[in-house]
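Heads up, the thing below is written out as structure tokens.
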Amino acid sequence: MSFKSIDRLIRRNSKTKISRNTVDGIYDQKEEQYVQSLRELLLANNQLPEKFDDYHILLRFLKMRGFNIVKAKEMFLNMLKWREECAVDAIAKDFKFEEYDAVKKCYPHGFHGVDRFGRPLYIERIGLVDLNKLMQVTSTDRYVKYHISEQEKTLSLRYPACSLAAKKHIGSTTAIFDVKGLGMNNFSKSGRELFIEIQKIDSNYYPETLNQLYIINAGSGFRALWKVLKACMEARTLAKIQVLGTNYLGTVLEAIDPSNLPDFLGGTCTCSATGGCLLQDKGPWIDQEISRASKGVLGKGQKSFDDMNTTVTSEDFPSHQEPSVGKMHPISGWKRTLGMLLKDNQVENDMNGNIQQSKVSEQISEKIQELENCSAQTQETLQTLLQKQNELANHIEQLRKLLREAVDADNKSSVLILK
């Protein structure tokens, strides 16, 4: 390892544990151990970009692979390779889907509010899709890029905004697919190929982002098609899918409030004044205050929701429930620097100056203690690295000794042959 790599490893390991969103409330110690083990394995090989050094991201890959660390690592690295090959960051930043309105007309879909837990609600009316027109206004390649850009937006904006609004971690989506009228006859080969490609992307590179999928209005034609489609899906994903007939409403309303369910699915929302429910991208992420707070943490890697909550406090959302009381992550705010701490505690000069100064002093003292602990942990890490270096030096010397002995033996054999 180079000195640069060692320095990076020391700085990353000095954080000890992965920062998690403090809005989580209760957390699972076994899951945390698995995540920490995967993180250390990736860090040891310099395979964990800071952008993805996040508790919930690593946990998603572990869950998808049944907490098999080796398989989760392989899946994670495949995701990184795919992102580089497909230039996913560039798609998320620069891709413009100019045919958006035209696609919406022949493929009704979109986000519409949240479920009862606070997760984004995504709806598709697949039975109304006109595949011929869809392929006329866009291409498979461009639609896949659009899908990727929407997935990136969900991860970077929708989930953080929903987490702020619900005051608990939100990292998955509830979806409804209305397949009324859909069957083998009107679902062409190109349509199946598009479905399979999107399913492959979601399962392999955005794992565990589906909470529940309700497929509704499933007739005999769709059920025949479903036997074909589910063959290309992961068992863990299939377990989250319910295929329902026309009597779906009771099941759906258990998860979704009628006010967030469009009237054409049996809910009470019409969005008639703004063109229809599936054109709005309706949800907490369009709230300016929540959106502003969410954008403050995009691309910040492990930056915790503590940092967002300093911008948008719980009092700003009195209508939402407080998170359940439980064991909280002990060091979720390690990434808050002294400068951030002072900035967070700035107050107007004419309001309780002495009291605020006392609070700042107290928090600075706490920060000093935290940094001293971090320094001690860094020292331990350095000692471990030096020990590893000595062990490697010993191994090298042993190998050299064996090599010399082998050479000497060969020389002796050559002399005997000559004699």
Side-chain angles (χ1 to χ4, degrees), residues 60-61 64-65 74-100 102-111 120 122-156 158 172-173 175-179 182-213 215 218 222 224-241 243 278:
R60 288 196 288 109
F61 284 87
M64 194 66 182
R65 288 295 176 254
E74 180 183 9
M75 187 180 188
F76 180 84
L77 295 180
N78 286 338
M79 179 271 294
L80 294 182
K81 181 180 179 182
W82 170 77
R83 292 183 68 91
E84 182 178 358
E85 292 176 348
C86 294
V88 172
D89 289 339
I91 291 174
K93 181 181 178 182
D94 302 321
F95 180 71
K96 305 298 181 185
F97 198 55
E98 291 88 357
E99 60 267 42
Y100 177 83
V103 166
K104 284 275 189 174
K105 291 179 180 178
C106 53
Y107 187 176
H109 67 280
F111 284 89
Y122 177 74
I123 300 171
E124 287 192 6
R125 304 188 75 180
I126 302 179
L128 298 181
V129 174
D130 188 328
L131 284 171
N132 291 329
K133 288 185 178 179
L134 180 64
M135 290 298 104
Q136 290 174 8
V137 299
T138 189
S139 65
T140 299
D141 179 66
R142 284 187 59 79
Y143 189 86
V144 168
K145 287 182 178 179
Y146 161 67
H147 180 77
I148 292 172
S149 69
E150 283 294 296
Q151 284 284 46
E152 291 294 302
K153 182 178 178 180
T154 298
L155 290 177
S156 62
R158 294 187 179 105
S172 60
T173 301
I176 299 175
F177 286 3
D178 183 358
V179 296
L182 184 65
M184 292 291 290
N185 293 333
N186 56 357
F187 200 60
S188 66
K189 180 181 177 182
S190 60
R192 291 195 296 272
E193 289 175 348
L194 179 60
F195 173 87
I196 291 171
E197 179 64 21
I198 289 176
Q199 173 59 33
K200 175 184 173 183
I201 289 172
D202 291 350
S203 294
N204 293 336
Y205 312 126
Y206 300 96
E208 292 297 303
T209 53
L210 175 66
N211 167 63
Q212 185 74 46
L213 168 59
I215 298 178
F222 174 80
L225 174 63
W226 179 238
K227 291 180 181 180
V228 176
L229 296 178
K230 69 180 183 180
C232 64
M233 302 175 71
E234 297 254 5
R236 188 172 178 86
T237 301
L238 286 171
K240 300 178 180 181
I241 300 174
V243 179
L278 299 187

Could you please spell out the steps behind the side-chain hydrogen bond (donor to acceptor under 3.5 Å, both in side chains) verdict for Glu99 and Tyr143?
-> CA-CA 10 Å; Glu99 60 267 42; Tyr143 189 86; over 6 Å; no
Whether the side chain of [X] engages the backbone of [Y] through a donor-acceptor N/O pair (distance < 3.5 Å, no angle test) should be reported.
X	Y	result
Lys104	Leu278	yes
Lys145	Phe95	no
Arg125	Asp178	no

Contact check, side chains of [X] and [Y], non-hydrogen atoms, under 4.5 Å:
X	Y	result
Met233	Ile241	yes
Leu213	Thr173	no
Gln199	Leu229	no
Arg236	Glu208	yes
His109	Val103	yes

With under 30° as parallel and over 60° as perpendicular, where do the rings of Tyr146 and Tyr100 fit, or are they tilted in between?
->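 Answer is perpendicular, since the angle exceeds 60°.
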Name the orientation class of the two ring planes belonging to Trp82 and Tyr206 (parallel below 30°, tilted from 30 to 60°, perpendicular beyond 60°).
-> perpendicular
Tell me, with the steps shown, if Tyr205 and Gln151 meet side-chain contact (heavy atoms from CB on, under 4.5 Å).
-> CA-CA 10 Å; Tyr205 312 126; Gln151 284 284 46; over 6 Å; no
Decide side-chain contact (heavy atoms from CB on, under 4.5 Å) for Phe222 and Ile126; before the verdict, give the C-alpha distance in whole Å, the side-chain angles of both, and the deciding distance to 0.1 Å.
-> CA-CA 11 Å; Phe222 174 80; Ile126 302 179; over 6 Å; no
Apply side-chain contact (heavy atoms from CB on, under 4.5 Å) to the pair Leu155 and Thr209, showing each step before the final yes or no.
-> CA-CA 9 Å; Leu155 290 177; Thr209 53; 4.2 Å; yes
Decide side-chain contact (heavy atoms from CB on, under 4.5 Å) for Asp89 and Arg83; before the verdict, give the C-alpha distance in whole Å, the side-chain angles of both, and the deciding distance to 0.1 Å.
-> CA-CA 7 Å; Asp89 289 339; Arg83 292 183 68 91; 2.9 Å; yes
Starting at CD1 of Ile196, measure out to CD1 of Ile201 and round the result to the nearest 0.5 Å.
->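 If we round to the nearest 0.5 Å, Ile196:CD1 and Ile201:CD1 are 12.5 Å apart.
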Does one side chain, of Ser203 or Glu234, offer a donor that lies under 3.5 Å from an acceptor on the other?
->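 Absent: no donor and acceptor within the cut-off.
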